[in-house]
Amino acid sequence: MASEDVTIILNEREGSKAKVAESLLSKLRELGISASRIAPDPKIEKIIKQRNPKVIVLDYVIGDFTTGLDLVENLSNSPEHPKFIFFTDEPSVPVAVAAMRLGAINYFEIESPDSVPQIIDEIKNLIKVQTKKNKVLPQKELFKFKNFIAQSKITIPLLEKAKSIASTRIPLSIIYGPKGSGKSALAESIFEQRESSSFLKSCDWDLYTQSAQDLIGVGKWETKLKLGQNLSLIIDHLDEADEEIIETIEVKLSKSWLSGNEQENDSFLTICTQNIDIARAWSKIFEIEFLEIPSLDNRKNDIPSLARRFAAEAQELSRLKAVTLDTQAISFLTELSWPGNVKQLRAVVIDGCIRTADGKREFKDIITENMERWNKEYTLVSERIIDPLSALIMLESTSFNYRIAAAKLGISVHKLRSLLVNENSTINRELNGYSK
């Protein structure tokens with residue numbers, strides 16, 4: 001199959017983005033890197049597969065057909081999928097986080113004057129790595145137990161329990177914990193420890209719009225991967241009751257996948273949720289225990305080691321002089337409250353280390369600024385209430401494109417659907433009121 005180095009997919013209906021795409025294409029070709037631009041198209045996934053690029057530079061909203069997040073999720077089923085770089089004017093922090101969580105290499109803002117040179121440097125490094133690998137894209141390095149920080153009294157037993165699940169090859173595990181606490185990282189560690197021959201797929205339930213049967217391979221599955229045979233699956237952010245997926249597993253897979261036959265249990269399923277009721281329900285239905293990851297505020301003894309690891313990661317990411325976190329800095333971090341948990345600590349420490357590498361600013365000042373900004377955004381998001389009528393109006397304004405409507409509202413597609421279904425009678429009453 002023919003292959004090109006880079007495919008650029010921006011929403012070029014906007015004139016500024018068309019100019020940026022043209023500039024990026026021109027600079028790549030000057031460097032001898034084969035590249036092309038794709039306009040939004042209903043068959044965009046098929047077009048991408050035909051071009052078989054090594055790297056895809058993509059926008060968040062792709063015309064009226066899809067989004068960059070959907071493309072990343074749908075094109076990541078194979079170990080040889082392309083690398084994804086987000087290049088967009090979408091200012092939403094959750095979108096950036098979702099992109100990286102799905103496996104994007106980086107996230108750049110179009111308005112930044114340094115974005116094009118930074119993307120080109122990123123592409124050059126990726127192409128170089130792929131050439132060394134004989135053009136076979138490396139799989140994402142999975143999180144291992146040895147990388148999991150567990151030094152507090154509350155996390156050491158958790159890790160031992162996770163190791164037990166891996167060694168006994170239990171085909172289903174449930175991990176409960178607050179947002180950003182490391183549930184998916186622990187799930188990857190269990191998979192890695194099992195040394196399974198199956199392929200691992202991660203699914204963000206907030207962003208998934210297909211049926212449960214398609215997800216686990218009971219229905220149509222183009223890549224011929226099936227949970228219980230050659231597919232292991234991590235479902236993250238399953239925070240709302242979903243009878244379809246429970247019924248699918250219970251009815252379709254209970255005889256083979258949950259049989260206890262070790263040869264049939266090479267693949268496994270991990271459910272990650274921040275809803276304790278969901279964790280308890282799954283645990284009761286399938287008669288297994290669930291793992292509970294505590295919040296970072298309840299595992300303070302883990303913060304020093306986590307902070308030092310993230311400081312080392314900052315040096316690796318920035319290639320700047322190392323910023324050593326002294327005892328005073330570690331003590332300061334430990335005393336803070338972390339509503340965003342491990343992900344918040346990682347983001348704050350990496351940013352603080354990079355921005356203080358030149359010695360012009362104090363680490364404590366940068367951290368304080370970051371915490372104030374983070375806590376403000378966290379409060380605004382948590383306090384935001386969307387009424388069903390507003391959700392319906394937004395959905396209509398996007399020609400009933402659930403993906404774009406959910407993104408504009410700042411909620412998941414599943415949350416939008418649930419909001420409209422559960423409050424259908426309320427919507428009808430409101431609409432009847434407006435029509436009178």
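- Here the closest heavy-atom approach between residue S181 and residue R299 is recorded as O-NH1, 3.8 Å.
- The two residues K183 and I293 have their closest heavy-atom pair at CA-CD1, 3.7 Å.
- E22 pairs by the side-chain contact (heavy atoms from CB on, under 4.5 Å) definition with R37, not counting sequence neighbours.
- In this structure, K54 does not pair ionically with E4, as no charged nitrogen and carboxylate oxygen lie closer than 4.0 Å.
- In this structure, I119 CD1 and N106 CG are separated by 8.5 Å, a value rounded to the nearest 0.5 Å.
- Among residues at least two apart or in separate chains, there is no side-chain hydrogen bond (donor to acceptor under 3.5 Å, both in side chains) pair with a member in residues 276-288.
- Of all heavy-atom pairs between I190 and S173, the closest is CD1-OG, 4.4 Å.
- Electrostatic pairing of K83 and E122 does not count as a salt bridge here, judged by no charged N lying under 4.0 Å from a carboxylate O.
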Between I127 and V55, is a side-chain contact (heavy atoms from CB on, under 4.5 Å) present by the stated rule, with each step listed?
CA-CA 8 Å; I127 299 297; V55 180; 4.2 Å; yes
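- Counting heavy atoms from C-beta outward, Q193 and S167 have side chains that stay 4.5 Å or more apart.
- K19 NZ: 12 or fewer foreign heavy atoms inside a 6.0 Å radius.
- Between Y107 and F86, the ring-plane angle classifies as parallel under the 30° and 60° cut-offs.
- Side-chain contact between L392 and L419: absent, with no pair of heavy atoms (C-beta onward) separated by less than 4.5 Å.
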Between I48 and L75, is the side-chain contact (heavy atoms from CB on, under 4.5 Å) condition met? List the steps.
CA-CA 9 Å; I48 292 172; L75 295 172; 3.9 Å; yes
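- The two residues L296 and V342 come nearest to each other via the heavy atoms CD2-N, 4.1 Å.
- With rounding to the nearest 0.5 angstrom, the CD1 atom of I235 is 9.5 Å from the OG1 atom of T270.
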Walk me through whether S295 and N341 qualify under side chain to side chain donor-acceptor pair (under 3.5 Å).
CA-CA 6 Å; S295 67; N341 291 290; 4.5 Å; no
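- The pair K17-D59 meets the salt-bridge criterion, since a charged nitrogen lies less than 4.0 angstrom from a carboxylate oxygen.
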Going through the checks in order, is the side-chain contact (heavy atoms from CB on, under 4.5 Å) test met by I105 and F84?
CA-CA 6 Å; I105 296 298; F84 303 96; 5.9 Å; no
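- Ion pair R355/E369 flagged as a salt bridge, since at least one NZ, NE, NH1 or NH2 atom sits closer than 4.0 Å to an Asp/Glu carboxylate oxygen.
- Cation-pi contact between R194 and F268: present, with separation from the ring centre below 6.0 Å and deviation from the ring axis of at most 45°.
- Summarising the geometry of D236 relative to S184, their closest heavy-atom pair is OD2-CB, 3.7 Å, with the distance given to 0.1 Å.
- With contacts defined as side-chain heavy-atom distances shorter than 4.5 Å, the pair T155/P294 qualifies.
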